[in-house]
Participant: 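One structure, pasted below without further comment.
Residue numbers begin at 1 in each chain, while the letters A, B, ... track the order of the sequences.
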Protein chains: 2
Amino acid sequence: MTGLSGQTSQNFKQGGLSRIQEKNRNLILEAALSEFSKKGYSGATVERIAADAGMSKSNLLYYFSSKEAIYKETLAHILDVWLAPLKTLNPDGDPAQELGEYIRQKIEMSARFPEASRLFANEVMQGAPQILPILETDLKRLVTEKSQVIEDWIASGKIRRVDPVHLIFTIWATTQHYADFSVQIKALTGKDLSDPDFLKETEASVTSFILHGIGLSGPQESD
Amino acid sequence: MTGLSGQTSQNFKQGGLSRIQEKNRNLILEAALSEFSKKGYSGATVERIAADAGMSKSNLLYYFSSKEAIYKETLAHILDVWLAPLKTLNPDGDPAQELGEYIRQKIEMSARFPEASRLFANEVMQGAPQILPILETDLKRLVTEKSQVIEDWIASGKIRRVDPVHLIFTIWATTQHYADFSVQIKALTGKDLSDPDFLKETEASVTSFILHGIGLSGPQESD
DNA sequence: GAGGGATTTGACCAAATGGTCAAGATGCAA
DNA sequence: TTGCATCTTGACCATTTGGTCAAATCCCTC
């Protein structure tokens, strides 16, 4: 007796997944993100992902046809989320506000999804075997578009003349560093982004560096 | 080359390595750096490292007792080189000059030894299983010392008030990013640090960002 | 050039691992 | 409850891989 679901009995056909499939695929993808980000693609084992997800290896392979299939799906899953903040950069907004908000979002992503950051870093460092085509098309298009936004801000004298692409790289580098190298940061400071105070402090420092770097003051002082 | 003629039949004891040992160990370490940085620890295979080094797997294991031993030695080999630039930061020098030079050196390291950068990044991202103790002692001591240098520059009004540790993290993040994410950078710009023009351009951009970030102009301009 | 240690390698082994398969367990509509 | 599709698993397989070992081959000293 299922007291909760008043749903009908169409279990899985036409794109919809059955309740059990939905649940298990999610469990697997969560476990996979954890394993892949922790050990890398080669270091992760299907057995351990299955154990993390609370099922047998055989059962996991009932939901995903291969280790590589799990990996690809995990990557695809996070990629959208990962690139979302940049898309919101608004040409008509105030540069300090817009870039400050972008940096803040990126750091929050590093704080909330450090595993996703490391998975992405791992993939790219290994030569981006799975996502290179996406980088060369979608991401390139996005970066070109947002570079133009920055270029316009420069042209209208709102920010100092800088190379927009290098500015984007700098933001990516600094914000993701706190997730990817969190172990090193913890070894040196005793804290990482999971500490709310350290998160605030990092946010303030990084934002301040970059905004000053492009000729703007910090977000609090506006004149 | 230590003591070529005076040696007895003991070719390698007491620290000195035979000519053949010297050569082969170097070949192995070079191949290991390439493999480990390209595939990560788990992804690399002893067989392929041996092939890269031009010898059989058995022979490689005659020189290094295990895969882990090769990995540790490779790491140790690059670690000194990797941290060297920071050590040269001179408290008595001009901040713009000193930091500019440090950034320049770090970018040049990324250009010349991208594999070392990726190996290091990989190690840290996996939780620094091998070098965590070093990070917590030697590196922490070094960072604390150089933070004090920066702190002094702030106290004497030479640079803007910033968090010294975050400044160091920012420099590491931005400079190493160009090595670790070179595939992504190449996908987006068509170039990487192996291109001399792009190297110059990157150097100028990153230096400019950070020096402006701490309240200094670029090296050439002053107001 | 002979003797002996240093170097090199192929054959081999055990463990780990990705994946298959058939059989059993479970959930669900009638 | 019954019948069928979905779900789950243990047993099993082939391959990869780190590491061992004894037998060669090389190199150097005397």
Participant: Under the rule for salt bridge (charged side-chain N to carboxylate O under 4.0 Å, His left out), what residues qualify as partners of B:Glu98, not counting sequence neighbours?
Facilitator: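 In terms of salt bridge (charged side-chain N to carboxylate O under 4.0 Å, His left out), with neighbours along the sequence ignored, B:Glu98 is linked to no residue.
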
Participant: Can A:Lys146 be said to sit on top of A:Tyr102's aromatic six-ring, NZ or CZ under 6.0 Å from centre and within 45° of the ring axis?
Facilitator: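 Not flagged: A:Lys146 not positioned over aromatic ring of A:Tyr102.
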
Participant: To the nearest 10 degrees, what angle separates the axes at the start and end of the helix from C:dG1-D:dC30 to C:dA30-D:dT1, five pairs each?
Facilitator: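 Between the first-five-pair axis and the last-five-pair axis there is 10°.
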
Participant: Please tabulate the protein-to-nucleotide N/O contacts below 3.5 Å involving nucleotides 7-11 of chain D, giving atom names and distances.
Facilitator:
from   : atom 1 : to      : atom 2 : distance (Å)
D:dC7  : OP1    : A:Ser18 : OG     : 2.5
D:dC7  : OP2    : A:Gln21 : NE2    : 2.8
D:dC7  : OP2    : A:Tyr62 : OH     : 3.2
D:dT8  : OP2    : A:Asn24 : ND2    : 2.8
D:dT8  : OP2    : A:Asn59 : ND2    : 3.0
D:dT8  : OP2    : A:Tyr63 : OH     : 2.6
D:dT8  : O5'    : A:Asn59 : ND2    : 3.1
D:dT9  : OP2    : A:Ser56 : N      : 3.1
D:dT9  : OP2    : A:Ser56 : OG     : 3.2
D:dG10 : N7     : A:Ser58 : OG     : 3.3
D:dG10 : O6     : A:Ser58 : OG     : 2.3

Participant: Do A:His177 and B:Gln176 get their side chains close enough for a donor-acceptor pair, meaning under 3.5 Å?
Facilitator: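 Note: A:His177 and B:Gln176 side chains miss the donor-acceptor criterion.
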
Participant: Mind checking salt bridge (charged side-chain N to carboxylate O under 4.0 Å, His left out) for B:Asp192 and listing every partner two or more places apart, or none if nothing turns up?
Facilitator: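 Checked B:Asp192 against salt bridge (charged side-chain N to carboxylate O under 4.0 Å, His left out); matches are B:Lys186.
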
Participant: Report the distance from atom CG of B:Leu61 to atom P of C:dT7, rounded to the nearest whole Å.
Facilitator: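 After rounding, the reported distance stands at 15 Å.
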
Participant: Under a 4.0 Å N-O cut-off, is there an ion pair linking B:Arg19 with B:Glu22?
Facilitator: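 Result for this pair is no, no salt bridge flagged.
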
Participant: Name each donor-acceptor pair under 3.5 Å that joins a side chain in residues 71-85 of chain A to protein atoms two or more places apart or in another chain, with its distance.
Facilitator:
from    : atom 1 : to       : atom 2 : distance (Å)
A:Tyr71 : OH     : A:Glu123 : OE1    : 2.5
A:Glu73 : OE2    : A:Arg25  : NH2    : 2.7
A:Thr74 : OG1    : A:Ile70  : O      : 2.7

Participant: Any Lys/Arg nitrogen of A:Glu108 or A:Arg112 sitting under 4.0 Å from an Asp/Glu carboxylate oxygen of the other?
Facilitator: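 Looking at A:Glu108 and A:Arg112, the cut-off is met.
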
Participant: Separation of A:Lys67 atom NZ from D:dA14 atom P, in whole Å?
Facilitator: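 It works out to 21 Å between those atoms.
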
Participant: First locate atom OH of A:Tyr63, then atom CG of A:Leu29, and finally report the distance between them rounded to the nearest 0.5 Å.
Facilitator: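 If we round to the nearest 0.5 Å, A:Tyr63:OH and A:Leu29:CG are 12.5 Å apart.
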
Participant: Looking at DNA chain C, which of residues 41-53 of chain A put a heavy atom within less than 4.0 Å of it?
Facilitator: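 The stretch gives A:Ala44, A:Thr45, A:Val46 as the residues lying under 4.0 Å from the strand, ordered by number.
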
Participant: Describe, in one word, how the ring planes of A:Phe169 and A:Trp172 are oriented to each other, choosing from parallel (under 30°), tilted (30 to 60°) and perpendicular (over 60°).
Facilitator: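 Plane angle between 30° and 60°, so tilted.
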
Participant: Using 4.0 Å as the upper bound for N to carboxylate O, is an ion pair formed by B:Arg118 and B:Glu115?
Facilitator: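 Answer for the salt bridge query: no.
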
